[in-house]
Amino acid sequence: MLSIRMPEGHTIRHYAWLIVFIASAGQMLGAAIRMAFGVLVNPLEESFGWSPGAIGLAYAYMSIATALLSPVAGWMATRFGARQTMIAGVILFFVGMMWTSQVTQIWQFHVAYGLVFGTAQALFLVPAVPAIASWFRRHLGMAMGFAMVSWSLGPALMVQITALLLDGFGWSRTMIIIGIGGTVLLGTLLIFFKNTPEQAGRKAYGWRPGDAPLVTSGADYKRHSRRYQGVIYRTNGFWNLINIHFLGCVGHAVILVGVVPMAVHRGVSFPVAAGVLTTIAVTSILSRFITPIMGEKIGARGTMFWSFFGQGALVLMLLFADSALEFYIFAVVWAIPYGGEGTVFPVINRKYYGHVPMGPTYGWQLLGAGLGMALGGVLPGMVFDITGAYTWAIWLSAIFSLAGAASIVLLEPTRRLLIPRWEDVKDSRQVGEVAPGTASVPDVGMAD
Amino acid sequence: MSTRTANTGSAAQTARAHRSPGSTAAVAEAAEWPEASGRRPWLGLGLLFGSILFTVAVLIFFGAWFADDRIEARSGVAGHEVEGDWWEDGLIAVCPIH
């Protein structure tokens, strides 16, 4: 019989892992639909005669809608609860998919896929990570490692499934199948989703006797979370982390969007060039899992710095890549820092702000990430159209990633919290007051 | 530097503060919170706006390059110098390199 052996001090028999699984399923579906957009272009072009540029605008609208609504989704997760926000996202996902299946005009496609699905994506992607964080009193890095793997696995599986469905059923029925299937799957999983361990009458993973119980619901919680968010806005780390996420995402979006046309431009055949992207997706699974654990155990800033530095420095290999082998070597080497680039943010949030509701903070960081992805996605094509080569795009990717690494150096040390301890809020008598002596280094099972 | 706002004090100091809530050290440290001190995150905001400015500069540079190429191409077809569109002239005017 298959048995999973957990490291010392860990158990798989904890409700927190079910939360990780459900949140990962939501992330997997969201990331998959976004990444599978490429396989929709040709069927839509054939059915309606729309230009690839016009179809691609829907992707741009979706990216911008998701980015701009991420802080709102984070706020909703704290105000109404992650589960409630994700249910709203699933309903919008269903509406968006059904509407997309029935479109006949390009503007309808832009609204249905771009705006409705973009909004849905923000609502069920953003609350997932803060919800996981609230379930882990310690060992958040390991939880994030499992969750972040879904960002690679989802597209890897879903692109193939979508392509098969398109081939067998056509684009309209494919949208209906994905819409109904995704809604039933996520709706069923969300029945078991609990926003916080306290609300579920359980202890967070890694809880130890002596840990202060957390206030996680009620009027005091809402008032206090608003006040805490106000304090978070006044820290340098909050603004710099948005900046860093933006810079890193520009850096890798240039490559993710541009590496296939770059390889084709250098004489590599299209199917072989497409394999470079698949290699990046598969190789990055490993570092997506390991990097948040390293961030927790070794140090979040250092791990983040080397991920950004590696992403920026190794991209320069593309300046000299001329053969398929060189592109594949690049894919394997570059995917390691790329995979770890965005996965440490929840860990560093915990180190800076402790066990606080992380929704709005993470939502703002995803705003930076989303805008970075949108800009990075546009740059390679724009640069090639103007200069007739990708050299400038490669340099820009390196500059943005290295600027992110330099910004990480300027982050505050993670030895202590930047705000008062949330754990010291026990009841309404303390709400609105900062308890003296709340500045101590919390025992959150992390070192830096 | 404004990063000092929330990161001053050694681990020993913070530990002492935690052991004796209400003590002078604890009160002094509580006063160091950004919320209490009223300090502003100038460094973080500065880096963010620096990135935005750099991004805008990059877009203006390539936009002006693109506009320049379009005007030159039209001039070549027409056989004489042609007027640029408003956005082409605007980008070239804003870009110090083109």
Side-chain angles (χ1 to χ4, degrees), chain A residues 227-228 230-247 250 352-353 368 371-372 375-376 378-379 382-383 385-388 392-393 395-396 399-400 403-404 406-408 410-421 424 433-442, chain B residues 1-59 61-70 98:
Chain A
R227 180 175 157 275
Y228 258 71
V231 181
I232 289 172
Y233 288 147
R234 296 186 202 184
T235 60
N236 283 306
F238 173 80
W239 299 102
N240 198 7
L241 283 169
I242 299 172
N243 169 53
I244 290 164
H245 222 334
F246 168 78
L247 293 168
V250 176
Y352 278 158
Y353 306 121
L371 294 179
L375 175 68
V378 169
L379 279 177
M382 187 178 84
V383 166
D385 287 346
I386 295 167
T387 66
W392 274 92
W395 278 108
L396 282 173
I399 289 168
F400 274 96
S407 299
I408 291 166
L410 297 171
L411 278 171
E412 292 96 332
T414 52
R415 284 190 299 275
R416 55 173 292 208
L417 296 178
L418 302 185
I419 61 169
R421 278 165 45 115
D424 291 318
E433 298 170 8
V434 177
T438 56
S440 58
V441 180
Chain B
M1 196 160 67
S2 56
T3 47
R4 187 182 172 278
T5 312
N7 288 290
T8 50
S10 65
Q13 280 176 317
T14 55
R16 271 202 306 276
H18 187 51
R19 278 199 300 273
S20 54
S23 68
T24 309
V27 172
E29 191 154 56
E32 282 185 4
W33 294 119
E35 183 187 43
S37 66
R39 291 181 185 176
R40 295 289 181 268
W42 297 122
L43 177 67
L45 280 169
L47 288 166
L48 181 59
F49 282 109
S51 294
I52 292 169
L53 283 178
F54 176 71
T55 302
V56 171
V58 166
L59 291 174
F61 172 70
F62 283 104
W65 190 340
F66 182 58
D68 206 26
D69 283 355
R70 275 171 58 98
H98 286 94

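Chain letters run A, B, ... following the sequence lines, proteins first, then strands; residues in each count from 1. Predicted model, so just to flag it, every value in this text is computed and none were measured.
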**Report entry** Ring centroid separation A/Trp392 to B/Phe61 under 6.0 Å
**Finding:**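 Yes, the ring centres sit under 6.0 Å apart.
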
Requested in this report: Pick whichever of B/Asp68, B/Ile52, B/Thr55, B/Asp69 has the most heavy-atom pairs under 4.5 Å with chain A.
Outcome: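 Top count of heavy-atom pairs under 4.5 Å with chain A: B/Thr55.
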
Query - Stepwise side chain to side chain contact (heavy atoms under 4.5 Å, CB included) test for A/Trp239 and B/Leu43 - result: CA-CA 9 Å; A/Trp239 299 102; B/Leu43 177 67; over 6 Å; no

How many angstroms lie between atom [atom1] of [X] and atom [atom2] of [Y], to the nearest 0.5 angstrom?
X	Y	atom1	atom2	answer
A/Asn236	B/Trp42	CG	CH2	10.5 Å
A/Leu375	B/Leu59	CG	CG	5.5 Å
B/Leu45	A/Arg234	CG	CZ	12.5 Å

Query - Contact class of A/Phe238 relative to chain B, heavy atoms under 4.5 angstrom - result: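 Contact with chain B: none, neither part.
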
Report task. Check each atom of A/Leu241 against the heavy atoms of chain B and say whether the ones under 4.5 Å are side chain, backbone, both or neither. Result ->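 A/Leu241 has no heavy atom closer than 4.5 Å to chain B.
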
Query raised in the report: Looking at B/Pro41 and A/Tyr233, what are the two nearest heavy atoms and their distance?
Result: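 Shortest heavy-atom separation between B/Pro41 and A/Tyr233 comes out as CG-O, 3.7 Å.
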
**Report entry** Largest heavy-atom contact set with chain B, pairs under 4.5 Å, which of A/Val383, A/Asn240, A/Asn243
**Finding:**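 Among A/Val383, A/Asn240, A/Asn243, the one with the most close pairs to chain B is A/Asn243.
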
Query raised in the report: Which bit of B/Phe54 is near chain A, if near means a heavy-atom gap under 4.5 Å: side chain, backbone, both or neither?
Result: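 Answer is side chain: those atoms of B/Phe54 sit under 4.5 Å from chain A.
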
Query raised in the report: Under the side chain to side chain contact (heavy atoms under 4.5 Å, CB included) criterion, do B/Phe62 and A/Leu396 qualify, and how do the steps go?
Result: CA-CA 12 Å; B/Phe62 283 104; A/Leu396 282 173; 3.5 Å; yes

Requested in this report: List the steps, then state whether side chain to side chain contact (heavy atoms under 4.5 Å, CB included) holds for B/Leu47 with A/Leu410.
Outcome: CA-CA 9 Å; B/Leu47 288 166; A/Leu410 297 171; 3.8 Å; yes

